[in-house]
Number of protein chains: 2
Amino acid sequence: MLNTADIPKLLKDAGLRVTPQREAILGFLIEHTKHATADEIYQSIHKTFPSISVSTVYNTIKHFAQVGLVKEITFGDNASRFDINVQPHHHLVCKKCGTLIDFYLEKPPSFALPPEASGFEIEDFHVEVKGICPACRESSRG
Amino acid sequence: MLNTADIPKLLKDAGLRVTPQREAILGFLIEHTKHATADEIYQSIHKTFPSISVSTVYNTIKHFAQVGLVKEITFGDNASRFDINVQPHHHLVCKKCGTLIDFYLEKPPSFALPPEASGFEIEDFHVEVKGICPACRESSRG
DNA sequence: CTCCTTTTTGATAATAATTATTATCTAGTG
DNA sequence: CACTAGATAATAATTATTATCAAAAAGGAG
């Protein structure tokens with residue numbers, strides 16, 4: 001499990017300079033493991049680090065994504081989310097409230113890729129399962 | 001296969017009023033089956049239907065999505081795309097150039113959903129496979 | 001520690017996608 | 001034809017993201 005004590009090392013190993021802003025952002029992502037938006041990261045850090053700016057958050061998470069520290073995911077709500085969990089994993093999302101649950105696949109599904117896909121070098125895949133969570137099913141029962 | 005002649009019927013069956021704007025948008029989606037953005041839809045229709053407005057496109061595709069006529073998909077490029085919802089299918093996308101290829105799964109993968117997911121009513125799922133297309137592999141070879 | 005170079009930061013502006021508002025218009029109904 | 005709910009167009013407002021660039025900070029050499 002990732003530990004906040006490792007943050008400077010994580011940054012160095014990724015080839016990034018260690019700055020308070022980066023430590024704060026990485027720390028936030030480690031503690032709030034789940035799918036934060038850029039704005040959520042900014043709002044939270046801003047409380048204890050008032051001088052941090054929005055562009056720093058964007059720059060930093062972009063750097064993190066480039067070096068593989070975080071993974072960017074998007075759902076249908078026009079806001080990118082960032083996930084410290086860089087292991088391959090998948091998402092179950094509620095169509096109504098947006099609740100997100102991670103899950104894993106032991107064995108990958110067998111894709112039947114079409115002829116046009118030949119020559120494609122497959123690197124990874126992501127499964128997004130959609131449905132209605134128990135709470136929303138309850139509240140929408142007529 | 002969907003036919004543009006069926007458009008009024010498609011709209012009625014979906015419980016939507018038949019208007020020229022809706023016919024145009026649905027017609028566009030049927031003819032350009034693949035993954036158009038809201039702006040692409042607008043730009044194209046605007047040529048032959050100059051009075052149509054951007055918000056009508058957004059409203060209309062949102063309605064279409066609600067009644068299941070189209071499906072919204074997002075990739076990492078902060079623009080939603082809309083797909084005539086024929087049959088469940090999945091996407092192979094090039095990380096470099098964004099090229100998109102549809103593919104199908106005969107049998108769904110078996111998900112190993114975690115305990116937190118119990119009670120979730122699963123409605124559908126989407127697999128996004130990422131990689132590098134042949135053209136981009138070629139051009140990036142050192 | 002101090003100087004120097006390079007990188008990072010923060011403030012702001014710019015751009016793009018999307019949503020909200022509202023007056024006007026229209027399809028369907030009687 | 002008149003009425004009414006719903007649809008459209010124009011516009012403004014929001015929201016997310018990127019670009020610009022001067023000032024500040026990091027890391028290494030001496």
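Computed from a prediction, not measured in an experiment: that's the story for all the values here. Here is the naming used below: chain letters follow the sequence lines, and residue numbers restart at 1 for every chain.
If you take CG of A:Leu16 and C1' of C:dT8, they are 11 Å apart, rounded to a whole angstrom. Following rounding to the nearest Å, B:Ile52 (CD1) and D:dT11 (P) show an atom-to-atom distance of 16 Å. One can place CZ of A:Phe75 at 17 Å from P of C:dT18, the figure rounded to the nearest angstrom. Following rounding to the nearest Å, B:Arg17 (CZ) and D:dA5 (P) show an atom-to-atom distance of 10 Å. In this structure, A:Gln21 atom CD and C:dG10 atom C1' are separated by 9 Å, rounded to whole Å. Across the protein-nucleic acid pair, A:Tyr42 atom OH and D:dT18 atom P stand 17 Å apart, rounded to whole Å. As rounded to whole Å, 10 Å separates atom C1' of D:dG27 from atom NZ of A:Lys12. In this structure, B:Asn59 atom CG and C:dA20 atom C1' are separated by 10 Å, rounded to whole Å.
Note on ring orientation: taking the six-membered ring where Trp is involved, the planes of A:Tyr104 and A:His89 are tilted (angle from 30° to 60°).
Contact annotation: A:Thr56 side-chain N/O to C:dG10 OP1/OP2 distance is under 4.0 Å. Between D:dA9 and B:Ser51, a contact under 4.0 Å exists linking OP1 or OP2 to a side-chain N or O. Close to D:dT18, at under 4.0 Å from its OP1 or OP2, lies no side-chain N or O of A:Tyr58. Contact check, A:Ser80 against D:dT17: a side-chain N or O comes under 4.0 Å of OP1 or OP2.
Mapping A:His63 and A:Val54 onto DNA chain C by nearest heavy atom places A:His63 closer to the 5' end of the strand.
In this structure, the nucleotide among D:dA10, D:dA16, D:dA26 sitting nearest to the side chain of A:Thr19 is D:dA26. Checked against C:dG10, D:dG27, C:dT19, the side chain of A:Val18 finds its nearest nucleotide in D:dG27.
The only option from B:His126, B:Arg81, B:Glu128 that meets the side chain to side chain donor-acceptor pair (under 3.5 Å) definition with B:His91 turns out to be B:His126.
Here B:Ser55 lies in heavy-atom contact (under 4.0 Å) with a base. A:Pro20 comes within contact range of the sugar-phosphate backbone alone, with a heavy-atom separation under 4.0 Å but no base atom that close. When heavy atoms are screened at a 4.0 angstrom cut-off, B:Thr37 is found touching no nucleic acid atom at all.
The minimum heavy-atom distance between A:Ile7 and A:Ile30, with the atom names listed, is CG1-CD1, 4.0 Å.
The distance between the ring centers of B:Phe125 and A:His90 does not fall below 6.0 angstrom.
The CD atom of A:Gln21 sits 9.5 Å away from atom CD1 of A:Ile45, with the distance rounded to the nearest 0.5 Å.
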